[in-house]
Number of protein chains: 2
Amino acid sequence: MAPEKSRRERPAKPALTRDGIVAAAVGILREDGLRKVTMRRLAQELDTGAASLYVYVRNTAELHAAILDELLGTIPSPPPEGGWRDRLERLLMAYTSMLLEYPGLALSALVARPSGEHYLRLCETLLTLLAEGDVPSERRAWGIDLLLQHATATAAEHADEDSPEDWDALARAVRDADETTHPQIAAHAADLLTGRPAQRMSWGLQVLITGIADTAVPPERTLT
Amino acid sequence: MAPEKSRRERPAKPALTRDGIVAAAVGILREDGLRKVTMRRLAQELDTGAASLYVYVRNTAELHAAILDELLGTIPSPPPEGGWRDRLERLLMAYTSMLLEYPGLALSALVARPSGEHYLRLCETLLTLLAEGDVPSERRAWGIDLLLQHATATAAEHADEDSPEDWDALARAVRDADETTHPQIAAHAADLLTGRPAQRMSWGLQVLITGIADTAVPPERTLT
DNA sequence: ACCTGAACACCGTTCAAGT
DNA sequence: ACCTGAACACCGTTCAAGT
């Protein structure tokens with residue numbers, strides 16, 4: 001690691017490596033957000049040309065995926081107190097919180113299925129917790145997919161970076177909903193707009209965990 | 001079999017309207033995919049300059065949202081046979097199928113909370129179905145959020161447009177998982193990679209519906 | 001093998017000027 | 001009020017040429 005991080009003259013241009021590139025990318029992410037993590041900006045930071053990066057990274061999507069896995073390694077594993085459901089919920093909350101710190105990253109996680117070291121470790125832990133809860137074996141794999149998808153999507157919904165404008169538009173639309181044409185929306189307007197995010201997230205996870213524990217996999221069709 | 005491609009192909013330049021712009025945008029979406037629905041390309045299609053569009057559309061995100069609502073209007077409401085659970089599942093499947101036809105659109109749906117006419121109608125129908133199932137009133141609003149999020153996220157995961165490359169990488173990582181460091185992954189490798197999408201989606205929806213019907217909203221904390 | 005500058009083919013958005 | 005050309009400030013990716 002370079003001892004000085006002054007943005008003045010870099011004393012000697014460090015050799016390019018994949019790890020160095022990813023580390024620099026994480027730096028840009030923390031400072032300026034994912035949308036600034038571009039090949040050109042990254043190259044500038046590393047004092048080289050954008051084309052040089054393509055020796056180590058296939059494309060921008062792969063770069064984002066590498067960043068994601070790096071950050072998955074920073075999730076603290078919650079203390080082993082409490083039952084499996086509690087620990088499961090806390091771990092997924094920690095995962096979501098991490099994604100929420102970096103708007104836009106959740107979208108990458110959703111589109112580019114991760115497959116890095118830290119992602120596998122997370123899956124391993126999740127599978128272990130479901131096993132501890134005596135969730136039938138066949139449902140564990142699909143279950144963690146569902147749980148991770150929910151956590152990721154929840155973070156992705158807040159990827160706006162800015163603009164509560166969409167939310168405003170929705171709030172207006174819900175409130176203006178005609179009681180005769182949209183009776184259900186009118187009746188549930190308050191709940192539809194309720195913003196207590198932690199409570200909602202917690203309920204969502206409990207719904208999933210309960211559902212996973214209680215719902216059998218449907219019979220496979222047409223195996224002849 | 002276009003007889004002429006001359007610049008006089010369009011007989012008279014139609015006046016710009018928001019509806020006309022959105023309609024043209026949907027056309028580009030169907031033909032070339034969402035990533036080609038850009039202000040510049042759209043302007044070209046409408047025989048004008050990109051700047052002119054900003055009179056009718058705030059920005060690209062709003063344009064995408066308008067497209068989404070337009071397409072929500074094309075979802076056929078499934079026949080009223082079967083119980084509320086079946087109809088709920090079929091409607092959400094139809095929603096997902098529509099999104100899957102237009103890769104990338106699901107991502108817009110996730111980030112930019114829709115608030116258009118057709119979106120409200122869909123919510124209304126979903127709320128009615130949950131009410132029919134005697135789901136307690138307080139859970140209905142949060143429930144449809146969960147269901148729509150799941151359906152949208154499932155479609156978004158397939159937004160790759162191309163490149164089964166990510167999936168390959170994951171498959172390799174799972175298969176290469178060391179049995180001693182990743183025993184759970186090794187044990188569940190088959191299920192983790194199982195691809196039967198319809199069966200998985202159906203199970204996911206049933207998990208959610210069951211969970212919503214069975215899970216009480218947690219008590220509100222710290223109101224004292 | 002690695003690195004580079006330059007080029008290709010695009011973007012969103014703003015703005016002064018016209019009608 | 002609506003429309004426009006031009007400009008600003010960017011993108012990802014490829015490629016021939018260098019080392």
Side-chain angles (χ1 to χ4, degrees), chain A residues 10 12-25 27-29 31-68 103-105 107-108 111-112 159-163 165-166, chain B residues 7 10 12-25 28-29 31-68 103-105 107-108 111-112 159-163 165-166:
Chain A
R10 269 170 270 269
K13 198 164 113 176
L16 282 174
T17 56
R18 193 179 206 271
D19 287 351
I21 289 170
V22 173
I28 297 172
L29 172 69
E31 270 176 50
D32 297 310
L34 189 67
R35 59 191 323 165
K36 296 285 187 182
V37 183
T38 68
M39 291 303 209
R40 290 175 114 110
R41 167 72 188 279
L42 187 51
Q44 184 186 312
E45 211 84 6
L46 292 166
D47 207 9
T48 182
S52 308
L53 304 177
Y54 285 81
V55 177
Y56 305 95
V57 163
R58 203 187 316 274
N59 52 40
T60 307
E62 196 196 287
L63 175 66
H64 288 355
I67 293 175
L68 173 66
L105 192 60
L107 286 175
S108 289
V111 172
D160 268 38
E161 188 99 45
D162 34 28
S163 87
E165 170 216 292
D166 286 346
Chain B
R7 64 196 67 187
R10 269 171 275 270
K13 196 164 118 178
L16 282 172
T17 56
R18 193 176 206 274
D19 286 350
I21 289 170
V22 173
I28 297 173
L29 173 69
E31 270 176 50
D32 296 311
L34 189 66
R35 59 191 325 166
K36 296 288 187 180
V37 183
T38 69
M39 291 303 210
R40 290 176 115 107
R41 168 71 190 278
L42 187 50
Q44 185 188 309
E45 212 83 6
L46 292 165
D47 206 9
T48 181
S52 307
L53 304 176
Y54 285 82
V55 177
Y56 305 94
V57 162
R58 203 188 315 276
N59 51 40
T60 308
E62 197 196 287
L63 175 65
H64 288 356
I67 293 174
L68 173 65
L105 192 60
L107 286 174
S108 288
V111 172
D160 267 39
E161 188 96 46
D162 35 27
S163 88
E165 170 216 294
D166 286 346

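Below, chains carry the letters A, B, ... as their sequence lines are ordered, and counting in each starts from 1.
Between the CD1 atom of A:Ile28 and the CZ atom of A:Arg35 there is a distance of 15.0 Å, given to the nearest 0.5 Å. Taken to the nearest 0.5 Å, the CG atom of B:Leu34 stands 8.5 Å off from the CG atom of B:Leu107. The CD1 atom of A:Ile21 sits 5.0 Å away from the CG atom of A:Leu53 when rounded to the nearest 0.5 Å.
Contact between B:Gly104 and B:Ala159 at its shortest, heavy atoms only, is N-CB, 3.7 Å. Taking every heavy atom of both residues into account, B:Ala43 and B:Gly49 meet most closely at CB-C, 3.5 Å.
Atom-to-atom, CG of A:Leu46 to C1' of C:dC3 comes out at 13 Å; the value is rounded to the nearest Å. A:Asn59 places its CG atom 11 Å from the P atom of D:dG12, with the value rounded to the nearest Å. Rounded to an integer number of Å, the gap from B:Leu34 CG to C:dC11 C1' is 14 Å. Rounded to an integer number of Å, the gap from A:Arg35 CZ to D:dA9 P is 17 Å. As a whole-Å value, the separation of B:Lys36 NZ from C:dC11 P is 7 Å. Separating the CE atom of B:Met39 from the C1' atom of D:dC10 is a distance of 17 Å, rounded to the nearest angstrom. Computed from coordinates, the A:Leu42 CG to C:dC3 P distance equals 13 Å when rounded to whole Å. Rounded to an integer number of Å, the gap from CG of A:Leu53 to C1' of C:dC2 is 12 Å.
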Contact state string [nucleotides 14-19 of chain C, B base, S sugar-phosphate only, - no protein heavy atom under 4.0 Å]: BB----
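For the pair B:Arg40 and B:Ala15, nearest-nucleotide mapping onto DNA chain D gives the more 5' position to B:Ala15.
Nearest nucleotide to the side chain of A:Thr60, out of C:dC3, D:dC2, D:dT13: D:dT13. For A:Ser52, counting side-chain heavy atoms from C-beta on, the closest listed nucleotide (D:dG12, C:dC3, D:dC2) is C:dC3.
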Base-pair map of DNA chain C as dot-bracket, where | denotes pairing with a different strand and pairs are Watson-Crick or G-U under 3.5 Å: ||.|||||...|||||.||
Under 3.5 Å, which donor-acceptor pairs do the side chains of residues 57-66 of chain B form with other protein atoms, sequence neighbours left out?
| from | atom 1 | to | atom 2 | distance (Å) |
| --- | --- | --- | --- | --- |
| B:Arg58 | NE | B:Glu62 | OE1 | 3.4 |
| B:Asn59 | OD1 | B:Ala61 | N | 3.2 |
| B:Asn59 | OD1 | B:Glu62 | N | 2.9 |
| B:Glu62 | OE2 | B:Arg18 | NH2 | 2.5 |

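Distance noted for atom C1' between D:dC10 and C:dA9: 14 Å (whole Å). Between C:dC15 and D:dC2, the two C1' atoms lie 15 Å apart (nearest whole Å). Between the C1' atoms of D:dT14 and C:dC3, the separation comes to 14 Å (whole Å).
For the pair B:Ile67/B:Leu29, a side-chain contact is recorded, criterion being any heavy-atom separation below 4.5 Å from C-beta on. Between B:Leu105 and B:Leu68 the shortest side-chain heavy-atom distance falls below 4.5 Å. Between B:Gln44 and B:Arg40 there is no side-chain heavy-atom pair separated by less than 4.5 Å.
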